[in-house]
Amino acid sequence: MVTKAVHKQIRGFVLIWLAITFIMVTATFLAIYFTSSAERLEPGMGNPLPLLVADTEETQSTEVAVARPSASPLPTFTPTPVPPEPTVPLYMEEVTPEPTDTPVPSPTPTPLPVDVLSYEVGIQVQEALAFNPVNQDNWFRSVSADLGMSWVKQQVRWEQIEKEQGQIDWSLLDFVMPSAQKFNIKMLLSIVTAPEWAREADVNLEWHGPPADPQNFADFVAAILNRYPGQIHAVEIWNEQNLNRDWTSVHGLNAAKYVELLRASYETIKATDPGIIVISGALSPTGIDDGVHAVDDFKYMERQIEAGMLDWADCVGAHHNGYNVSPDYRYLDIPVDPSAIFTGPFTNRHHSWSFRSTLEGYAQRIRVAGRDTKLCVTEFGWPSSEDLGGARPGFEFSLDNSLAEQAEWIPKAMSNMEEWGFVWLAFVWNFNFGPQAGYAISNDNVPYSLIGPGFTFRPAYDSIRAWQQDYLARVNA
C-alpha cells in the first residue's frame, strides 16, 4: 500500500520533470528561431538563391553576385483592372540618355549610276560557253577581284532573244545577271539587231537593221529592266549605225531615223529607271563615205547632233580599235614604220586610224554644239597576233603589234582618256574571246583578247591590272 508520503514525492518529481521539459523545449525553440533569422539576414551562410544576377564583368568571377532588393515600395493593386505598371528591373546598367534635340543621321543613299560622273574603266566579257556557271563566275571573279574593275559590257542581240513577238527567251540574261550580282559588277547592256517580225517591210533581211516601229525596241529594253530591277546600270542604244551591215533600212543610213530610235528608248528607260545611263550607239571610225555601205563617222556624228541626239543621251557612244598606231598620235603625226606589214595609217592619212584624233573629233563636235556631254568609249583595244600564228586577210595590222605593244598601248589609252577629261566610261575590248572562239584567227575578236592560247593571261592583262590598281589608289586616297 502506497503511503501518503510516497504520493507526495511522486507528484513533486512529475512537476519538476514538466518544468525542466518546458524550459528545454522553450530554449530549443528560441535557438532555432534566432539561428534561422540570422541565416536569412546574412547571405552566404547556407546557399540562398540570388534575386538577380547582373551580366557584368564582375559576374565572370567564381563568386556569385547577389542583387540587393529594390528600395521602391511594392505596387498597390486595386480591384478595378488597370494597365500594368512597367516592370523596373532590379539591376540596370546606368546609361546616359542622348539629348532629345540631337538629330539622328540618315543613311547615305547609294549614288545612281547617272550621277556618278567619275572616269571608270570596264571590259567586254563574253558569256561562258554552254552557260557553264563555274566558268562564268571565274570570268567575273577575275574582272572584279583581280583586275579591280566594277563595270562589264554585255551585248544583247534582240533578234536572238525575242524571235517571236512577246516570246522572250531569258536564258542568256538569267545566266549572266546572277553572276554579275555575286561579284557586285555594274552592267552595261549593248542592245542591237531587230528580229524579223519587227523589221521594215520589203527590207533586205540578209543584213542587220532597225525596227519599223522604234517603240517595239524601247518596249524590249523596258522588259529587260523590269525583269532585272536595279541590276542594269547603263544601256547602249544600238551599235555602229553608220554601217550598212548594222543598219540596213529602207531609209538608208539615216541619222535622223536613228535619233528617233534613241529618243523612244531614252524616254522609256527614264520612265522605268531614271538612274540608268543612256548611251547613244557608238559609231564605227571609217574612211568609207559612199552613203550606201558606210558614212564617215564625223559626218554622221554631226547629222545625229543636228537631229537632237544630245537631248536624248546621257553619254555619246564611241569605238576605236587601235590598228597598229600608238594612242598618243594624232593621224597627221603618225610616224612611218618601214617594217609595218599594214601601211594604211602612213599612206592614207585619215582620222579613223588614230584613237586620239577620233575621240578628240567627237568631243570637239559636241562642244561646237554648245554641250558638254561626255563620251562613253564602249569598245577600245589593240590587237596582237604574235602568239596566234597568223591573221586573217584585212587584219594584217594585228601582226604588226607585239604582245608588249598591246600591253603598253591599252593602259596608255586609259591614262590619256583620264587626262583628256571628256571620257566618262571606257570598256576594253575584250576579255575572253580568245578561248571562247578557240583562238581561231578567222575570228576578228580573238587578237584583242586578254586571254591567249592555253588559257594564259597575255601581258596586257597584267599591265591593265597594274594601271587599275594605281588609279584606284589615287582616286581613293
Side-chain angles (χ1 to χ4, degrees), residues 155 158 190-194 199-200 202-212 214 217 236-266 278-313 315-323 325 330-332 344-345 347-369 371 373 375-380 394 397 422 429 444:
Q155 190 174 80
W158 182 20
S190 177
I191 305 179
V192 299
T193 64
R199 296 288 298 276
E200 300 158 327
D202 301 322
V203 74
N204 182 2
L205 297 177
E206 294 180 1
W207 297 94
H208 301 306
F217 178 85
E236 182 180 20
I237 309 302
W238 219 258
N239 174 76
E240 299 186 347
Q241 58 270 17
N242 62 320
L243 300 182
N244 184 58
R245 70 185 186 193
D246 287 302
W247 189 272
T248 294
S249 166
V250 295
H251 302 287
L253 296 172
N254 189 311
K257 286 295 182 181
Y258 168 74
V259 173
E260 290 180 9
L261 179 74
L262 178 64
R263 178 185 60 78
S265 302
Y266 181 92
V278 178
I279 304 173
S280 64
L283 303 180
S284 174
T286 176
I288 301 174
D289 186 32
D290 61 10
V292 177
H293 299 93
V295 173
D296 177 87
D297 52 318
F298 280 1
K299 183 185 294 185
Y300 196 98
M301 177 69 72
E302 292 167 358
R303 292 174 180 174
Q304 288 184 139
I305 293 173
E306 290 170 1
M309 175 189 71
L310 299 178
D311 294 328
W312 311 110
C315 197
V316 175
H319 284 174
H320 203 280
N321 290 320
Y323 297 100
V325 177
R330 294 184 176 95
Y331 76 99
L332 291 176
T347 59
N348 179 24
R349 300 285 178 172
H350 190 268
H351 76 266
S352 60
W353 302 123
S354 166
F355 174 84
R356 180 168 189 166
S357 290
T358 297
L359 299 191
E360 287 180 338
Y362 296 159
Q364 180 186 28
R365 283 158 175 78
I366 294 169
R367 288 195 298 267
V368 167
R371 308 293 280 271
T373 308
L375 303 182
C376 285
V377 185
T378 57
E379 286 183 17
F380 80 97
F397 51 83
F422 54 73
W429 182 265
D444 297 352

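Keep in mind the model is a prediction, meaning the values are calculated, not measured. Any value given below was found using the heavy atoms of this structure, including those in side chains, with hydrogens, waters and symmetry copies removed.
- Considering only heavy atoms from C-beta on, E200 comes within 4.5 Å of S249 through its side chain.
- Of all the heavy atoms in G308 and V259, the pair that sits closest is C-CG1, 4.2 Å.
- Remark: the H350 side chain and the S352 side chain contain an N/O donor-acceptor pair separated by less than 3.5 Å.
- Between N204 and R199, the closest side-chain pair of non-hydrogen atoms is not below 4.5 Å.
- Considering all non-hydrogen atoms of both residues, D246 and E240 come closest at CB-O, 3.5 Å.
- Looking only at side-chain heavy atoms (C-beta outward), I279 and V316 stay at 4.5 Å or farther from each other.
- Between L359 atom CG and Q364 atom CD the span is 13.0 Å, to the nearest 0.5 Å.
- Sequence neighbours left out, the pairs with a member in residues 282-296 that pass salt bridge (charged side-chain N to carboxylate O under 4.0 Å, His left out) are D289-K299.
- What you find for A313 and L262 is that their closest heavy atoms are CB-CD2, 4.3 Å.
- Residue E260 holds its CD atom at 11.5 Å from CH2 of W312, rounded to the nearest 0.5 Å.
- A donor-acceptor pair shorter than 3.5 Å cannot be found between the side chains of E236 and Q155.
- In terms of modelled atom types and a separation under 3.5 Å, the side chain of Y300 and the main chain of A294 share no donor-acceptor contact.
- Interatomic distance, CG of N321 versus CD of E379, reported as 5.5 Å (0.5 Å rounding).
- Within a 6.0 Å radius of CD1 in I288, no more than 12 heavy atoms belonging to other residues, nucleotides or ligands are found.
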Could you go through the side chain to side chain contact (heavy atoms under 4.5 Å, CB included) check for Y266 and I237 one step at a time?
CA-CA 9 Å; Y266 181 92; I237 309 302; over 6 Å; no
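- Nearest heavy atoms, V292 versus L253: O-CD1, 3.6 Å.
- Remark: the S280 side chain and the Q304 side chain contain no N/O donor-acceptor pair separated by less than 3.5 Å.
- Interatomic distance, OG of S284 versus CG of N242, reported as 5.5 Å (0.5 Å rounding).
- Rounded to the nearest 0.5 Å, atoms NE2 (H351) and CD (E360) are 12.0 Å apart.
- Nearest heavy atoms, F355 versus H320: N-CE1, 3.4 Å.
- The minimum heavy-atom distance linking R365 with F298 is given by the pair NH2-CD2, 3.3 Å.
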Give the C-alpha distance, both sets of side-chain angles, the deciding distance and a yes or no for side chain to side chain contact (heavy atoms under 4.5 Å, CB included) between W247 and H208.
CA-CA 6 Å; W247 189 272; H208 301 306; over 6 Å; no
For the pair T373 and R367, evaluate side chain to side chain contact (heavy atoms under 4.5 Å, CB included) and give the outcome as yes or no after the intermediate values.
CA-CA 8 Å; T373 308; R367 288 195 298 267; over 6 Å; no
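- For the residue pair Y362 / D297, a side-chain donor-acceptor distance below 3.5 Å is found, with atom types taken as modelled.
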Does N254 form a side chain to side chain contact (heavy atoms under 4.5 Å, CB included) with R303? I'd like the steps, not just the answer.
CA-CA 9 Å; N254 189 311; R303 292 174 180 174; over 6 Å; no
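- Checked against the 6.0 Å centroid criterion, the rings of F217 and W158 qualify as a close aromatic pair.
- Inspection of the T378 and H319 side chains reveals an N or O donor paired with an N or O acceptor under 3.5 Å.
- Atoms CH2 and OH, from W353 and Y331 in turn, are 13.5 Å apart once rounded to the nearest 0.5 Å.
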